[in-house]
Number of protein chains: 2
Amino acid sequence: MGINDLMEDFKAVDTSSLVDKVEAKLVHLLQQQKLSVGDPIPKEVELADTLGVSRTVIREALLRLRVMGLIESRKKKGAVITSPDIFGIIGKSMNPHILDQETLKGMFELRLVLEIGMADFIFQRITPEDLEELKQIVNNEPDSTQDHLFNIEHEIAFHGKLYEITGNETLKKFQKMLLPVFDYVHHSGLLKKPVNKKRFVSHKGLVDIIENGSPEMFRNAMRNHLENHFARLFD
Amino acid sequence: MGINDLMEDFKAVDTSSLVDKVEAKLVHLLQQQKLSVGDPIPKEVELADTLGVSRTVIREALLRLRVMGLIESRKKKGAVITSPDIFGIIGKSMNPHILDQETLKGMFELRLVLEIGMADFIFQRITPEDLEELKQIVNNEPDSTQDHLFNIEHEIAFHGKLYEITGNETLKKFQKMLLPVFDYVHHSGLLKKPVNKKRFVSHKGLVDIIENGSPEMFRNAMRNHLENHFARLFD
DNA sequence: TGAGGTATTATGTATGACATAATAAAAGTA
DNA sequence: TACTTTTATTATGTCATACATAATACCTCA
């Protein structure tokens, strides 16, 4: 056993707390798949007894799982396994005021990536009703001559509908989470370059493409539509 | 005060637990922005004293913040505010075995959206070194004639590098998180349609486009490159 | 002055008790 | 018998206290 192995061993000293270990064990237990959604897990006292630790530790470990959305606990009924709503959970820790600038900028960019990349799903899954609704939304928008006053409400209505059309709940939740962050970055002085309200491809233009065009055309049009945002990121 | 208002009041009965309230108060405190990263927050006993609840409750509330990545606690030093690594946190609750099918499928699709949508960032931020590295990766790949044996390692190396080039850490972390899920969905029987290993635009083709083409060309090429995956989703 | 030991402090863990809410069991009534 | 109400049970939620542990600050002594 060479010195390097020894060092490896040293590195392996268990610095984790008791709760850490218990948490790991519990997560491992859930992964065994012996348990599926809705199944109850052992009571706190049982667990404490079995694992030989205090109920305090068990409670902390369970609490972590609960915050992560892996379990839900009800009085008397004990804790049951749940399918975590990931984005619901993230949403809570998604406070723009707390995130660092790098992450915030990343989120801003992420939206642009998503809206350009989702073209195929829109074309594949859009229904006639969706298309009709899109047209409605566009018709309710103010005149394009005064687009410098564009309404954030209409922006959300239109782009939100696009996410909805993709039929991807995860994507939609992601957008919902991203929205406040995007807005925050947009208005805080985080991006150096000024806002240029020049409008390129309009919402109406996008709808026309959805109706008569192809995913390829849509991607390019959306890229153009978002030019104002890209311009603030690139030179 | 009409009956409806009364009902409103009834609806407003506070069903939240003590810990919930304390958590809300603490989060609110952090949002005051009076506190920035690295700043310590009051000790557990102080908080318990100030808010008039037991230390247990305080600890549970703090634990939630900790799991959400908003604070870190050190012995003796107390708890300090941290900039949360959102995706690190999500990663923990991102166990494919626990997520429900709908979410899993959503994640699978999300990857496709991302890789098509990130073209502009690749072109904007790629360096000569990046390009060189991409070529290296492609050169190390097995012959395209035996592409039915394509190696998952090379897939990850190539596509991972693309994420890296975007210069968006958030995006990269997101990919890291998505990877196991994508792989899981790919191999579990979740997608009905069989895997068709037919190769369309190759990695080499993509590199060529990055070198000589445009974001627009890249998006189309990537869409084509991912055709195998899309084919399993669409009719 | 600086190294090393000691005291202090705040979190981590353990224990025991009681409160509370949800359920199950039992009792009572039509 | 069926159905409602009351009572018991059970498991989590909250409280209080004590001690362990690790990190820091302080203090002593060479």
Side-chain angles (χ1 to χ4, degrees), chain A residues 10-27 29-30 35 37-82 84 89 92, chain B residues 10-27 29-30 35 37-82 84 89 92:
Chain A
F10 270 120
K11 238 181 70 180
V13 276
D14 201 357
T15 175
S16 64
S17 75
L18 245 184
V19 179
D20 290 330
K21 297 185 192 105
V22 172
E23 179 197 357
K25 277 205 176 188
L26 290 178
V27 169
L29 187 71
L30 301 201
L35 304 173
V37 173
D39 288 352
I41 65 178
K43 318 305 172 194
E44 292 179 358
V45 275
E46 289 178 37
L47 287 171
D49 220 46
T50 315
L51 300 181
V53 295
S54 76
R55 192 181 150 216
T56 309
V57 171
I58 297 291
R59 274 187 67 78
E60 276 216 24
L62 287 179
L63 178 52
R64 291 191 190 176
L65 301 193
R66 206 156 59 225
V67 174
M68 293 193 294
L70 296 184
I71 63 172
E72 263 177 22
S73 25
R74 289 270 149 80
K75 288 195 179 186
K76 163 84 177 184
K77 201 63 193 244
V80 298
I81 301 193
T82 63
I89 299 157
K92 297 188 76 172
Chain B
F10 268 120
K11 237 182 72 180
V13 275
D14 202 354
T15 173
S16 64
S17 77
L18 245 184
V19 179
D20 289 331
K21 295 185 195 108
V22 172
E23 181 197 355
K25 277 204 175 185
L26 291 178
V27 169
L29 187 71
L30 301 202
L35 303 173
V37 173
D39 288 352
I41 65 178
K43 317 307 172 193
E44 293 178 357
V45 276
E46 290 178 35
L47 287 171
D49 219 47
T50 314
L51 300 181
V53 296
S54 78
R55 194 180 148 216
T56 308
V57 171
I58 297 292
R59 275 187 66 77
E60 279 215 19
L62 287 179
L63 176 55
R64 292 189 187 177
L65 302 193
R66 207 155 60 226
V67 174
M68 294 193 295
L70 297 183
I71 64 172
E72 264 177 22
S73 21
R74 289 267 151 79
K75 288 195 177 186
K76 164 82 179 182
K77 202 61 194 242
V80 299
I81 301 195
T82 63
I89 299 157
K92 295 187 78 173

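Basis for what follows: all heavy atoms, side chains included, without hydrogens, waters or symmetry-related copies. Lettering follows sequence order; numbering is per chain, from 1.
Residues meeting the side chain to side chain contact (heavy atoms under 4.5 Å, CB included) test with B:Thr50, sequence neighbours left out: none. Taking the side-chain hydrogen bond (donor to acceptor under 3.5 Å, both in side chains) definition, one finds that B:Ser73 meets it with B:Arg66, sequence neighbours left out.
Sorted by first and then second residue, the pairs that involve residues 47-59 of chain B and meet salt bridge (Lys or Arg N to Asp or Glu O under 4.0 Å), not counting sequence neighbours, are A:Glu60-B:Arg59, B:Glu44-B:Arg55, B:Glu44-B:Arg59.
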Checklist outcome for this item: Per-nucleotide protein contact along nucleotides 13-24 of chain C, 5' to 3', at a 4.0 Å heavy-atom cut-off (B base, S sugar-phosphate only, - neither), is BBB-B--BSBB-

For residues 75-82 of chain A, tabulate all N or O donor-acceptor pairs below 3.5 Å that involve a side-chain atom, not counting sequence neighbours.
from	atom 1	to	atom 2	distance (Å)
A:Thr82	OG1	A:Gly69	O	2.9
A:Thr82	OG1	A:Leu70	O	3.4

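Taking atom CZ of B:Arg64 as the reference point, atom C1' of D:dG13 lies 11 Å away to the nearest angstrom. The nearest whole Å value for the distance from the NZ atom in A:Lys43 to the C1' atom in D:dT9 is 13 Å. As rounded to whole Å, 13 Å separates atom P of C:dA10 from atom CD1 of B:Ile41. Rounded to an integer number of Å, the gap from CD of B:Glu46 to C1' of C:dT11 is 13 Å. Atom CG in B:Leu65 sits about 15 Å away from atom C1' in C:dT11, given to the nearest Å.
The two residues A:Leu62 and A:Ile71 make their nearest non-hydrogen contact at O-CD1, 3.6 Å.
The pair A:Asp20-A:Lys25 does not count as a salt bridge, with every side-chain nitrogen at least 4.0 angstrom from each carboxylate oxygen.
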